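Encoded as structure tokens, the structure appears first; notes follow it.
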Protein chains: 2
Amino acid sequence: MSAITVLLVDDHLVVRSGLKALLGTQPDIAVVAEAASGEEALMAVEEHSPAVVMMDLAMGAGMDGIEAIKQLRRRNGKQAVLVFTTYDSDADIVRAVDAGAMGYLLKDAAPEEIFAAVRGAVQGKSVMSAPVASRLFQQLRNPDEVLTPREAELLGLLTEGLSNRELGQRLFISEATVKTHLAHIYAKLGVETRAAAIATAIRREGMR
Amino acid sequence: MSAITVLLVDDHLVVRSGLKALLGTQPDIAVVAEAASGEEALMAVEEHSPAVVMMDLAMGAGMDGIEAIKQLRRRNGKQAVLVFTTYDSDADIVRAVDAGAMGYLLKDAAPEEIFAAVRGAVQGKSVMSAPVASRLFQQLRNPDEVLTPREAELLGLLTEGLSNRELGQRLFISEATVKTHLAHIYAKLGVETRAAAIATAIRREGMR
DNA sequence: TGCCGTGTCAGCCAAAAGGCTGAGAGACCA
DNA sequence: TGGTCTCTCAGCCTTTTGGCTGACACGGCA
């Protein structure tokens, strides 16, 4: 049986290099191409038709990973896309799965985990790192923690550093209402102060 | 002449692996040890006495890179420490240099740049990636806006959503001192509230 | 029809944050 | 030696934020 062909997509050379070295130890896995951006990735897929694409989400300039995955799906590619990234933000996970990713690995994953993910991907199995799975699970169990549209809107403005008064003016509501929304947001995010809410929103929810 | 001995410190196995593969192509550079945390790094230095330590700043759990560098300096180690990280945040750069780092490389640096940095480090030369240098240059022109190491440290904790009291406890200083630092930070960042400072820090300063 | 989620608002109180002034200790440097 | 920078701390006052309770309107849905 021939080896599983893999395309690596990451804007950091060291990461590609490391992944290549790791995967190279497995006889049934062969890295056939590398790309440093979403655009390059699309071209590389055309040229090499890899069975698996390992894709970082944050790519310095140009097309990001999510967009690249969408483009691949749009072209009816048969590649299984594995997200391989540093952060497990809720927003990123949802967006990646939505775009058509087969799995979601974190960069601190153990080698065995990575190998298993590649092998699983070609068989149509979804594999994800434990922290990622736990986040998804968490969301399924606690739909109460989902922000309403209005709350999300307010949280977005919050991350710009506005005061309650400014938030009220911007949204044409009273300061009292702003406070009510904030209290709900804090509860859902599991924080107690606006500072923590902002930190959580920008980091975990991917609002930047 | 014997090869330059290097210790790699990064919590991501792929990054260590990639760096090792890259450096392995150079006959005059030898990776003699690896560590996945600040604590491990200190032990590895004891054991292997490398000439150069390549250190990531953000290490999942435990001691972070800055603290590890400080500890190394405190022990009178002769290792040249090169920071090798993803982000070029002003605060991190200031703190790393202050802690005693010899150079500051970004993970998307070209291989030649990395090799040159390692070779330069053992000769006492400072090497840094272009974006990093440009930031420092920018700061030299506006010295009034440069955060002091202590301020940068405080700002880092601020972005985690801590209250003034918690900041004081964490840094072993009074709440009054925390407020003084914050006032200075706000002035330097050009903001008026803690919320705006966090937003600015995470977005502009790349702190996450 | 009545319940529920969402969005709106008020008042009251305690806690936290921010603005201001002043000041001492230690390091560094001209 | 004197000036400057950094870090430390205090007190006082105002503003902002957060916690709590209660309330009303609207739309969807059982």
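Being a predicted model, the structure only gives us computed values, none of them experimental.
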Run the side chain to side chain contact (heavy atoms under 4.5 Å, CB included) test against B/V32 and tell me which residues pass, sequence neighbours left out. B/T5, B/H48, B/P50
Taken in chain and number order and not counting sequence neighbours, the residues that satisfy side chain to side chain contact (heavy atoms under 4.5 Å, CB included) with B/V122 are B/I4, B/A51, B/V52
Contact under 4.0 Å: A/S174 side-chain N or O vs C/dC9 OP1/OP2: yes
Bend of the helix from C/dT1-D/dA30 to C/dA30-D/dT1 from end-axis comparison, five pairs per end, nearest 10°, comes to 40°
Atom-pair distance (CG on A/L171; P on C/dT8), nearest Å: 8 Å
Integer-rounded Å distance: C/dG7 P and A/H181 NE2: 6 Å
Who are the side-chain hydrogen bond (donor to acceptor under 3.5 Å, both in side chains) partners of [X], not counting sequence neighbours?
X      : result
B/S129 : B/E113
B/E34  : B/R16, B/K20
B/Q26  : none
A/R165 : none

With sequence neighbours excluded, give me every salt bridge (Lys or Arg N to Asp or Glu O under 4.0 Å) pair touching residues 116-127 of chain A. A/D28-A/R119
For chain B and DNA chain D, what are the first and last nucleotides along the strand, 5' to 3', with at least one atom under 4.0 angstrom from a heavy atom of the protein chain? D/dT6 to D/dA10
Considering only nitrogen or oxygen atoms on both sides, find all protein atoms under 3.5 Å from nucleotides 24-30 of chain C and state each distance.
none

On DNA chain D, nearest-nucleotide positions of B/P149 versus B/A176: which is more 5'? B/P149
Closer than 3.5 angstrom, by distance alone: can the side chain of B/E40 be matched with the main-chain N or O of B/A36 as a donor-acceptor pair? yes
Give a yes or no answer on whether the side chain of B/E151 reaches the backbone of B/T148 with a donor-acceptor pair at less than 3.5 Å. yes
Please list every donor-acceptor pair under 3.5 Å in which a side-chain atom of residues 166-174 of chain B meets a protein atom from a residue at least two apart or in another chain.
residue : atom : partner : partner atom : Å
B/E166  : OE1  : B/S163  : N            : 2.8
B/E166  : OE1  : B/S163  : OG           : 3.3
B/S174  : OG   : B/A176  : N            : 3.3
B/S174  : OG   : B/T177  : N            : 3.2
B/S174  : OG   : B/T177  : OG1          : 3.2

So, do B/V53 and B/L82 sit near enough that their side-chain heavy atoms are less than 4.5 Å apart? no
Looking at B/T85, B/I66, B/V9, which one forms a side-chain contact (heavy atoms from CB on, under 4.5 Å) with B/M55? B/V9
Scoring nucleotides 14-19 of chain C by protein non-hydrogen atoms under 4.0 Å (B base, S sugar-phosphate only, - none) yields --SBB-
Side-chain ion pair, A/D10 and B/K107, N-O less than 4.0 Å: no
